Every structure is written in structure tokens, then in C-alpha cells.
Engineer: 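Here you go, one structure.
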Protein chains: 2
Amino acid sequence: MEDNQKKYTELANRIYDLDGAVYECVGSSLGRTFTGGRERTVRTLSMLMYTKPDGHLLRSELALISNMARTIKNKEEKSRMMTEYNEILMEIEKLPDVFGKVDILDDERVRLNLAAKREKLSENDHLVICISRTQGSAGNDIGFELADNLKINYYDVEIFDQVMKRLEADKDAVNDAENFVDFNKYTKKSGGSLKTRFREFNRYHGLPKQDAVFFNMSDLICNLAKTEDCIIMGRCADMILKNNHIPHISLFISAPFSVRVEHIMAVRNMNLKQAVRFLKKMDRQHRKYYQFYTGEKWGKPENYDLCINSANYGIKETIDVIRRMIGK
Amino acid sequence: MEDNQKKYTELANRIYDLDGAVYECVGSSLGRTFTGGRERTVRTLSMLMYTKPDGHLLRSELALISNMARTIKNKEEKSRMMTEYNEILMEIEKLPDVFGKVDILDDERVRLNLAAKREKLSENDHLVICISRTQGSAGNDIGFELADNLKINYYDVEIFDQVMKRLEADKDAVNDAENFVDFNKYTKKSGGSLKTRFREFNRYHGLPKQDAVFFNMSDLICNLAKTEDCIIMGRCADMILKNNHIPHISLFISAPFSVRVEHIMAVRNMNLKQAVRFLKKMDRQHRKYYQFYTGEKWGKPENYDLCINSANYGIKETIDVIRRMIGK
């Protein structure tokens with residue numbers, strides 16, 4: 001405690017001196033960072049080092065000085081100032097409880113995030129990239145081309161649908177594409193006659209058909225992620241893998257509504273009204289599906305490792321950003 | 001038209017043959033992708049090439065074949081199959097209106113997105129990184145360390161506050177930190193007596209004080225972005241630069257609420273209840289401030305170039321992801 005007090009005072013004095021020296025070199029029109037005289041400034045700075053809650057204020061003071069120091073024209077003087085600045089910064093980082101000391105980490109999530117442990121990929125880890133996306137953000141184009149680029153497998157709804165159709169003897173057990181499009185537990189549409197529903201209820205071990213499809217799908221996705229490098233589009237794959245503790249990268253690709261409308265008009269040959277209606281419907285279905293199976297809100301940045309605005313990059317550059325991010 | 005028809009049929013036949021050849025090599029338990037016989041399959045595939053709306057179905061069919069081809073053990077055979085696959089893919093990409101043909105682009109936004117034109121940075125462009133963040137996601141730590149890493153200037157609320165205090169003769173014109181914290185146009189708090197308000201109204205050329213602060217701030221941010229490389233924290237800087245057509249990179253850093261609560265408890269020495277209340281209050285203020293000055297919803301992925309979940313990386317790796325993304 002005593003020791004820290006001394007250290008604070010010493011550092012505060014060095015900061016005060018550095019500020020004065022930088023000001024002498026650069027003669028900023030803004031004046032010195034500290035205008036209150038040595039004694040008062042040292043007391044204030046010591047307090048900033050002592051009181052955690054205001055740790056960020058100390059950082060701002062330091063940034064102000066270094067911002068100014070970087071404008072020094074004389075190279076030698078600039079280097080001298082920046083060296084002192086860096087040394088002070090290192091000393092401060094050694095203090096207990098200052099800014100930057102407390103990391104932000106979701107241990108479990110970091111352990112699962114492949115992009116955060118590139119160098120630590122073991123032989124047993126596969127590069128599994130889960131891509132969620134809004135309709136019309138060219139997410140599928142991006143996923144497909146990325147898979148081709150990385151020479152790894154690509155799975156989307158249609159593929160899951162086909163694979164599962166063949167895995168199951170009972171073909172109509174697994175029409176997931178249809179299941180997704182009509183997804184709504186609470187409308188009449190999903191009903192069918194009581195007889196049909198009862199038959200289905202029995203067939204899927206007491207689960208409603210769409211839940212059975214979801215659980216089959218989950219198994220398939222976990223198996224894929226454990227055995228091969230691949231890109232998996234949608235299907236809440238990130239949440240499924242997270243819940244099963246299987247490492248992966250989770251991305252969300254989106255674009256502003258207006259840009260998506262234009263994209264859909266071009267891709268699906270729709271007029272403005274049709275495209276708007278189509279997108280609103282698809283967004284609604286996505287939201288419901290995701291919320292129902294994960295209990296989370298769809299498209300919130302904190303549910304993914306990374307969200308990319310494809311409209312701000314275009315398809316090619318989005319792929320490039322992802323490749324740079326995963327270091328490939 | 002006639003020509004395209006021919007091309008479609010030719011490509012469909014090649015796809016059908018490739019599927020057969022891959023199946024022969026790999027003997028997949030799933031069977032061939034196309035089980036309907038040549039004539040029917042070729043008709044179906046031609047239709048998929050012809051009808052834009054189902055372009056993604058064609059992509060899925062191709063992905064199914066290539067997924068299988070990649071599992072071929074014999075290297076020579078595998079290479080032969082993948083070559084044919086890639087050739088077919090190239091031919092398809094030359095067709096009008098197939099998948100991947102329509103890019104997704106917000107031209108204006110791409111032009112302004114520095115991360116999307118790394119190689120095209122001109123002498124006049126500065127590396128300006130705008131970072132928005134939720135409280136407790138360590139966004140400030142990340143911004144500060146990133147600036148130090150890149151050796152560029154760092155600006156946050158406190159710095160703006162100080163700089164503006166000095167730029168203005170009238171010191172109390174610009175206490176923005178206070179302005180932000182108390183930001184609420186519609187509560188009694190912001191009021192003051194009628195006399196005070198009238199005096200302020202006159203002083204800021206008829207603008208309410210907080211609007212005057214915002215416009216001064218906007219000018220300052222635009223000037224910075226035009227003259228130096230820097231990192232700007234918060235203040236809707238990305239929207240200000242976008243509206244003024246100044247290139248920049250816009251990032252949003254966030255983390256799940258529960259992780260932010262833990263971070264705040266550690267950093268600010270609060271108990272659980274205090275931390276939750278504090279974060280909820282700060283989120284509310286952020287949301288209001290952002291919405292009021294931009295008309296947009298705060299924290300939506302499509303309003304930024306990139307959103308990063310800091311809890312899934314930690315401070316150091318988040319900085320590294322950003323550096324890789326901007327190619328530095």
C-alpha cells in the first residue's frame with residue numbers, strides 16, 4: 001500500500017514532466033494537458049491511479065499527451081518523448097487494478113471459438129464455420145464461394161434435406177425445407193387433421209414432427225463438425241455446436257433492408273412490393289425459428305463471434321475479410 | 001436464347017456424368033445425387049439454370065457432388081473430378097443470371113469503407129476507425145490499445161471534452177461528458193430555470209445547448225478524420241463521417257450482458273445488483289443518444305462494417321482480429 005502510494009506519486013510526476021516537455025516541443029495551441037500546477041496535478045493523477053472507477057480518465061489524459069507528442073516534427077525529440085510515454089505506460093500497466101487489467105472473456109466461448117485460437121488448432125479440431133444470414137444479404141453466395149475457396153464442404157438447407165432424406169428410410173420424416181418455410185407452431189396452417197397429427201406423434205417417438213426433424217438435424221450437424229472441415233449455413237448450427245461444446249466459428253451476415261430489397265429484386269426478378277413483402281416474411285420466419293429453438297433473439301451481435309455487413313464490402317471482399325480473420 | 005438452351009443441356013449432361021463418375025469412385029452410402037435417370041435429370045438441371053429464382057438449388061446440387069468428390073481417396077481420380085467440377089462451375093458462372101452473379105453492394109458505403117479498399121488507400125485517405133461499443137464490453141480498452149499498437153491518435157469522450165473546452169472561449173459551452181450522461185430531452189432534469197434556458201438558447205445561435213455541442217463535436221470529428229489517422233470512440237462518429245462522405249471503418253464491439261456484468265463488477269468494484277442497474281442505465285442512454293442523433297436503432301449489425309463479440313476473443317485477440325481485418 002505504502003509502496004503503491006510512492007509509485008503513484010513518482011509516476012504522476014513523470015507524467016506531469018512529460019506533458020511539459022511535449023508542450024515545449026510542439027507548442028500546441030491547445031496548451032498543456034495539465035494546467036493546474038505540479039502539486040495539484042500530481043495529486044489528481046495519483047488519485048486517478050488509486051481509484052479504479054476513474055481508470056479510464058487516466059487513460060484519456062495519457063492519450064491526450066501522446067496524441068500531441070506524435071505531432072512533434074523533430075524526429076529525435078519525438079522518439080525521446082514516445083519512449084518516455086511508453087515506459088510510463090508499461091509502469092502503469094504493472095500497477096494493480098488499472099485500465100486494461102481486467103480482460104473480458106467468456107471462457108467457455110473462447111475455448112470454442114476457432115478464430116480466437118488459430119495457432120492452437122489441434123489435429124482433432126476441424127475448421128467449422130457456421131454462417132447465419134438475413135435473406136437477401138448474399139450470405140449463401142458468400143458461404144458457397146468461401147467453401148470453394150477453402151476447398152471444404154458446404155451444407156445448406158437443401159443439402160441437409162437431401163442427405164437426411166436418404167439417411168432415413170421413412171422419407172417424409174425429414175422434409176426440413178418445407179418444415180422451415182411453414183414454421184409456425186401456433187397457426188392453423190401447421191395443423192393437419194387430428195388423425196394425421198396423431199400418426200406423426202407416434203412415428204417421432206412422441207415428438208412433434210418438426211422437433212424430431214430439428215433433433216435429427218442437430219445430430220447430423222454435430223457429426224459433421226466432428227469429422228470434417230465445412231461451412232454450415234443457418235439451422236441454428238452455431239447454437240447447436242455451442243450447446244454440444246464443439247469448436248466452431250460463428251458468423252452473421254447481414255445488410256441494410258433497402259440494399260437487401262434491391263438484391264432480391266435482381267436475383268428473384270421481383271418488383272419492389274413483392275421483394276419487400278418477401279423479405280419481411282422471411283425475416284419473420286427466421287426470427288421465430290431461431291427464437292423457438294435457441295430462446296435467443298435473432299441477429300444480436302453478441303450471439304455471434306463476428307457480424308459482417310455484406311453491403312459495405314460486396315461478396316468478394318466479404319470472403320476476403322473472413323479469410324483474413326481466420327488467418328487463411 | 002437458342003444458344004443458351006444448348007449450353008444448358010450440355011452443362012446438365014456434364015453434371016449428370018460427373019455425379020455418376022464421382023459415385024463410382026466413392027461408392028457413397030447416400031447413393032448418387034441424381035437418381036432420376038439421365039433424361040429427367042438433364043431436364044431438371046436445365047430448368048434450374050433457366051429459372052433464376054431456383055438458382056440456389058443448382059448451387060446446392062453442385063455442392064452435394066463436390067462434397068462427395070472431396071472424399072475420394074485416390075488422388076489422381078479426385079483431382080480429375082475436381083478439375084471437371086471447377087470447369088463446370090466456371091461455365092455456369094458465365095451464364096446470365098445464375099447464383100453469385102448479383103453482388104450485394106451499397107456503392108456509397110463501399111466507397112467510404114476503408115477496410116474494403118485497403119489497397120486503394122490514397123495519399124489523402126487517413127486510417128480512421130470509429131468504434132461504438134456497449135458499456136462493459138472492454139471497448140475502450142480495445143480502442144486504446146489498438147491506437148497504441150497502430151501508433152495513431154485516440155479520442156474518447158473525455159478527450160473531446162477537454163479539446164473542445166480549450167477550443168471554445170466560453171468553457172461551459174461544451175461540457176459534453178455531462179451532456180451525454182444527462183442526455184434526455186424529455187425529462188425534467190435537463191431543464192433548468194426558464195431564465196437559464198433562455199440565456200443558453202441565445203448563446204448557441206438558437207440551438208438547444210446539447211444540439212450545439214453535438215454540432216461542434218461533429219465539426220471536430222470531421223476535421224480530425226480529414227487530417228490524421230485516428231481511433232474515435234463513440235459519439236456517433238461513424239454516422240457523422242458517413243453523412244459527410246468521409247472514408248472510415250465502423251466497428252461495433254459488444255458482449256453478452258452477463259459477461260459485461262462480470263466485467264463491470266471487476267472494473268468498477270460493484271456488486272451484482274449495482275452492476276446490472278448501471279449497465280441497464282448506460283445501455284438506455286446509449287440507445288437514446290444514438291437514436292436521437294441518427295434516427296437509427298443502436299447496435300444493429302447492418303449499421304456497422306463489422307461487429308465483434310469481445311467476450312469470444314478477449315482484449316488482445318480482438319485487437320488482433322481488427323488488425324488482420326484492416327490488413328495491418
Side-chain angles (χ1 to χ4, degrees), chain A residues 30-31 52-53 56-57 59-60 63-64 67 70 99-100 102-106 109-110 113 115-116 137-138 140-141 144-145 147 151 153-154 156 158-159 162-163 166 252 254-256 259 263 266-269 299 301-302 304-315 317 321 324-325 327, chain B residues 30-31 52-53 56-57 59-60 63-64 67 70 99-100 102-106 109-110 113 115-116 137-138 140-141 144-145 147 151 153-154 156 158-159 162-163 166 252 254-256 259 263 266-269 299 301-302 304-315 317 321 324-325 327:
Chain A
L30 296 175
K52 274 204 287 178
H56 65 289
L57 288 175
R59 179 175 51 208
S60 299
L64 255 181
N67 285 356
R70 287 199 191 87
F99 60 83
V102 185
D103 203 342
I104 179 148
L105 283 176
D106 178 340
R109 201 56 201 80
V110 170
N113 179 6
S137 62
N140 278 0
D141 296 293
F144 183 70
E145 260 195 71
K151 299 190 197 311
N153 288 345
Y154 168 88
D156 65 10
E158 281 80 22
I159 295 177
Q162 290 209 32
V163 170
R166 288 155 200 218
F252 183 75
S254 190
V259 186
H263 185 71
V267 169
R268 301 208 166 222
N269 219 358
E302 57 261 44
Y304 309 90
D305 297 336
L306 210 69
C307 303
I308 304 176
N309 187 340
S310 54
N312 290 8
Y313 293 96
I315 292 175
E317 184 68 20
V321 166
R324 274 180 268 149
M325 200 261 305
Chain B
L30 296 175
K52 274 205 287 179
H56 65 290
L57 288 175
R59 180 175 50 207
S60 299
L64 255 181
N67 284 356
R70 286 198 192 89
F99 61 83
V102 186
D103 204 342
I104 178 146
L105 282 177
D106 178 341
R109 200 57 198 80
V110 170
N113 179 6
S137 63
N140 278 1
D141 296 293
F144 183 70
E145 260 193 71
K151 298 188 197 311
N153 288 345
Y154 168 88
D156 65 10
E158 281 80 22
I159 296 178
Q162 290 208 32
V163 171
R166 287 154 200 218
F252 183 74
S254 190
V259 186
H263 186 73
V267 170
R268 302 211 163 219
N269 217 359
E302 55 260 45
Y304 309 91
D305 296 336
L306 209 69
C307 302
I308 304 175
N309 186 341
S310 54
N312 291 7
Y313 293 96
I315 292 175
E317 184 68 21
V321 165
R324 274 179 267 151
M325 198 261 305

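Naming: A, B, ... by sequence-line order, numbering from 1 per chain. Quick caveat: nothing in here was measured; it's all calculated off a predicted structure.
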Engineer: Of all of Asn67(B), Val321(B), Asn309(B), Ile308(B), which one pairs up most often with chain A through heavy atoms under 4.5 Å apart?
Structural biologist: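 Ranked by heavy-atom pairs under 4.5 Å with chain A, first place is Asn67(B).
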Engineer: OH of Tyr154(B) to OG of Ser60(A): how many Å apart, nearest 0.5 Å?
Structural biologist: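 Interatomic distance, Tyr154(B) OH to Ser60(A) OG, rounded to 0.5 Å: 5.5 Å.
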Engineer: Quick check on Tyr304(A) against chain B: is it the side chain, the backbone, both or neither that has a heavy atom closer than 4.5 Å?
Structural biologist: backbone
Engineer: How long is the span from the CE atom in Met325(A) to the OH atom in Tyr313(B), to the nearest 0.5 Å?
Structural biologist: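 Between atom CE of Met325(A) and atom OH of Tyr313(B) there are 4.5 Å.
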Engineer: Specify which of Ala138(A), Ser310(A), Gly299(A) makes the most heavy-atom pairs with chain B at under 4.5 Å.
Structural biologist: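 Most heavy-atom pairs within the cutoff with chain B belong to Ser310(A).
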Engineer: Identify the heavy atoms of Glu302(B) and Ser254(A) that sit nearest to each other, and give their distance.
Structural biologist: OE1-OG, 3.8 Å
